[in-house]
Student: 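Structure in structure tokens, see below.
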Amino acid sequence: MVVEEEKESLIKEIVERELNMFLATPNEGGTSPCQTRPQSFRLMRRMNHCTHDKATLESYLQDLRDAEEAGRNVMIEKYARMDDRIPPLSESPLLDAIADMELEFLIEAARQYPHTIKVGDHTFFRKYMRCELETLSDRTLELYAEELKKAREESRNPVLERYDYLWSTLGEGSLAEYENRLAAKR
């Protein structure tokens, strides 16, 4: 299908641009261990983007291109925001709306697949999510929020879709199959 090929091409370019920014991000104490595993970074970012539609991916790719053209590194900005080293990059009300919807999807996914999906600290999740969202343009935020609202209306859970992508990509079968294997080990 042409649309899927276009989407895959967009995701590949996005992830490579993100990886270049991530590898250029200075870390106190030297190179971060996660910076030495680019394949893991690629997989996790592909997982993150696999549920976005073509319009959102195109908008985000343009955000990355615009950032590069302006000499910005969105990864540095995200981590600087997480450490409260710079002021907020955006005050859009969509930041909290998206973070809240993603957290709701995550909590529901963890309820359904407790052996595979862990929620962890809600505060950290929201902060990480919000800091990453602050690097997005208003257009990309609007598209992302619409995607999540549509998923909710269609009774879909993007978190479940992302984890299903992850486990199938790793050759572990579906999310449900992986969950069943973990549950059987308990």
Side-chain angles (χ1 to χ4, degrees), residues 1-23 32-61 64 74-75 78 97-133 136 140 143-186:
M1 174 184 247
V2 175
V3 174
E4 285 304 312
E5 288 176 22
E6 290 175 15
K7 186 175 166 180
E8 284 301 316
S9 177
L10 289 167
I11 291 172
K12 183 176 180 183
E13 184 175 348
I14 285 167
V15 170
E16 289 308 309
R17 287 176 185 273
E18 288 179 329
L19 178 61
N20 289 337
M21 289 182 183
F22 182 66
L23 294 175
S32 166
C34 52
Q35 287 175 309
T36 65
R37 295 188 291 271
Q39 284 307 103
S40 295
F41 178 90
R42 283 184 181 104
L43 177 60
M44 298 311 291
R45 295 308 291 175
R46 287 183 63 78
M47 174 190 172
N48 190 60
H49 299 307
C50 73
T51 57
H52 291 309
D53 63 26
K54 187 174 174 254
T56 304
L57 292 169
E58 287 172 336
S59 184
Y60 178 51
L61 178 55
L64 292 173
V74 299
M75 295 293 171
K78 174 175 75 173
I98 293 169
D100 289 343
M101 284 187 280
E102 284 284 5
L103 182 58
E104 289 170 19
F105 285 127
L106 178 60
I107 290 168
E108 177 57 26
R111 187 189 65 70
Q112 291 180 42
Y113 297 90
H115 298 95
T116 306
I117 302 173
K118 307 294 181 195
V119 176
D121 179 5
H122 293 197
T123 305
F124 178 79
F125 175 86
R126 283 191 90 262
K127 183 172 186 170
Y128 183 92
M129 173 65 63
R130 197 175 191 290
C131 290
E132 183 164 319
L133 293 170
L136 304 180
T140 303
L143 291 166
Y144 190 170
E146 285 305 312
E147 279 183 355
L148 295 178
K149 289 175 191 171
K150 182 178 178 185
R152 189 185 289 157
E153 290 167 6
E154 295 173 350
S155 298
R156 291 181 19 254
N157 184 327
V159 171
L160 293 177
E161 294 168 5
R162 290 178 199 132
Y163 274 92
D164 204 44
Y165 170 86
L166 175 66
W167 295 121
S168 66
T169 300
L170 292 173
E172 296 287 348
S174 69
L175 171 58
E177 291 168 331
Y178 190 74
E179 175 73 13
N180 289 338
R181 282 197 302 280
L182 290 179
K185 292 179 183 179
R186 301 257 172 195

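In this text the structure is predicted, and so the values were computed from the model without any measurement.
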Student: Could you check whether K78 pairs with E18 (Lys NZ or Arg NE/NH1/NH2 to Asp/Glu carboxylate O, under 4.0 Å)?
Tutor: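 No, this pair does not count.
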Student: Under the 3.5 angstrom rule, does the side chain of N180 hit a backbone N or O of A176 as a donor-acceptor pair?
Tutor: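 Answer holds: yes.
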Student: Determine, stepwise, if the pair Y178 / L170 fulfils side chain to side chain contact (heavy atoms under 4.5 Å, CB included).
Tutor: CA-CA 11 Å; Y178 190 74; L170 292 173; over 6 Å; no
Student: Could you check, using the six-membered ring where one of them is a Trp, whether F22 and F41 have ring centers closer than 6.0 angstrom?
Tutor: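 Close enough - the centres of the two rings lie under 6.0 Å apart.
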Student: Kindly compute the distance separating CG (L64) from CG (L136), expressed to the nearest 0.5 Å.
Tutor: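 Nearest 0.5 Å value for the CG-CG distance: 8.5 Å.
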Student: With a 4.5 Å cut-off on side-chain heavy atoms, are H122 and I107 touching?
Tutor: yes
Student: Assess whether a salt bridge exists between R111 and E108, defined as any Lys/Arg side-chain N lying under 4.0 Å from an Asp/Glu carboxylate O.
Tutor: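 So R111 pairs with E108 through a salt bridge.
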Student: Going through the checks in order, is the side chain to side chain contact (heavy atoms under 4.5 Å, CB included) test met by F125 and L103?
Tutor: CA-CA 8 Å; F125 175 86; L103 182 58; 3.8 Å; yes
Student: E6 versus L57: any side-chain heavy-atom pair under 4.5 Å?
Tutor: no
Student: Counting C-beta onward and ignoring hydrogens, is there a side-chain heavy-atom pair between E102 and Y144 closer than 4.5 Å?
Tutor: yes
Student: Can you name the closest pair of heavy atoms from L143 and A55 and give their distance?
Tutor: CD1-O, 3.6 Å
Student: Quick check for you: to the nearest 0.5 Å, what is the distance between D100 atom CG and R126 atom CZ?
Tutor: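 Here the interatomic distance stands at 4.5 Å.
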Student: Taking all heavy atoms of N157 and all of F105, pick out the closest pair and write down the distance.
Tutor: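 Of all heavy-atom pairs spanning N157 and F105, the closest is ND2-O, 3.0 Å.
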Student: Report yes or no: do E161 and T51 form a side-chain donor-acceptor pair below 3.5 Å?
Tutor: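 Looking only at side-chain atoms, T51 and E161 do not form any donor-acceptor pair under 3.5 Å.
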Student: Other residues, nucleotides and ligands only: do more than 12 of their heavy atoms fall within 6.0 Å of NZ on K118?
Tutor: yes
Student: In plain terms, say whether E16 and K12 are close enough for a salt bridge, that is, a side-chain N and a carboxylate O under 4.0 Å apart.
Tutor: no
Student: Under a 4.0 Å N-O cut-off, is there an ion pair linking K7 with D53?
Tutor: no
Student: To the nearest 0.5 Å, tell me how far Q39 CD sits from L19 CG.
Tutor: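 Going from CD on Q39 over to CG on L19, the span is 8.5 Å.
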Student: Measure the NE2-CG distance between H115 and L182 for me, rounded to the nearest 0.5 Å.
Tutor: 7.5 Å
Student: Is K150 salt-bridged to E147, cutoff N-O under 4.0 Å?
Tutor: no
Student: Would you name the heavy atoms of L61 and L10 that are closest together and state the gap between them?
Tutor: CD2-CD2, 3.7 Å
Student: To the nearest 0.5 Å, what is the distance between CD1 on I117 and CG on L160?
Tutor: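 It comes to 5.5 Å.
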Student: Do the non-hydrogen side-chain atoms of L166 and M44 ever get within less than 4.5 Å of each other?
Tutor: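 They are in side-chain contact.
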Student: Can you check whether H49 reaches Y60 side chain to side chain, under 4.5 Å on heavy atoms?
Tutor: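 Yes, at least one pair of side-chain atoms sits under 4.5 Å.
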Student: Answer yes or no: is there a side-chain heavy-atom contact under 4.5 Å between R42 and P38?
Tutor: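 Contact flag for R42/P38 side chains = yes.
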Student: Tell me the closest heavy-atom pair linking L106 and V159, and the distance in Å.
Tutor: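 Heavy atoms of L106 and V159 come nearest at N-CG2, 3.8 Å.
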Student: What distance do E146 atom CD and L148 atom CG have between them, rounded to the nearest 0.5 Å?
Tutor: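 E146 CD to L148 CG: 9.5 Å, rounded to 0.5 Å.
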Student: Determine the minimum heavy-atom distance between L133 and A99, stating which atoms define it.
Tutor: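 Looking at all heavy atoms of both residues, the closest pair is CD1-N, 4.1 Å.
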Student: S59 and T140: which non-hydrogen atoms are nearest, and at how many Å?
Tutor: OG-OG1, 2.5 Å
Student: Flag the pair E8 and R46 as a salt bridge only when some basic side-chain nitrogen lies within less than 4.0 angstrom of an acidic carboxylate oxygen.
Tutor: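 Judged by the 4.0 Å cut-off on N to carboxylate O distance, E8 and R46 do form a salt bridge.
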Student: Under a 4.5 Å cut-off applied to non-hydrogen side-chain atoms, are T116 and E172 in contact?
Tutor: no
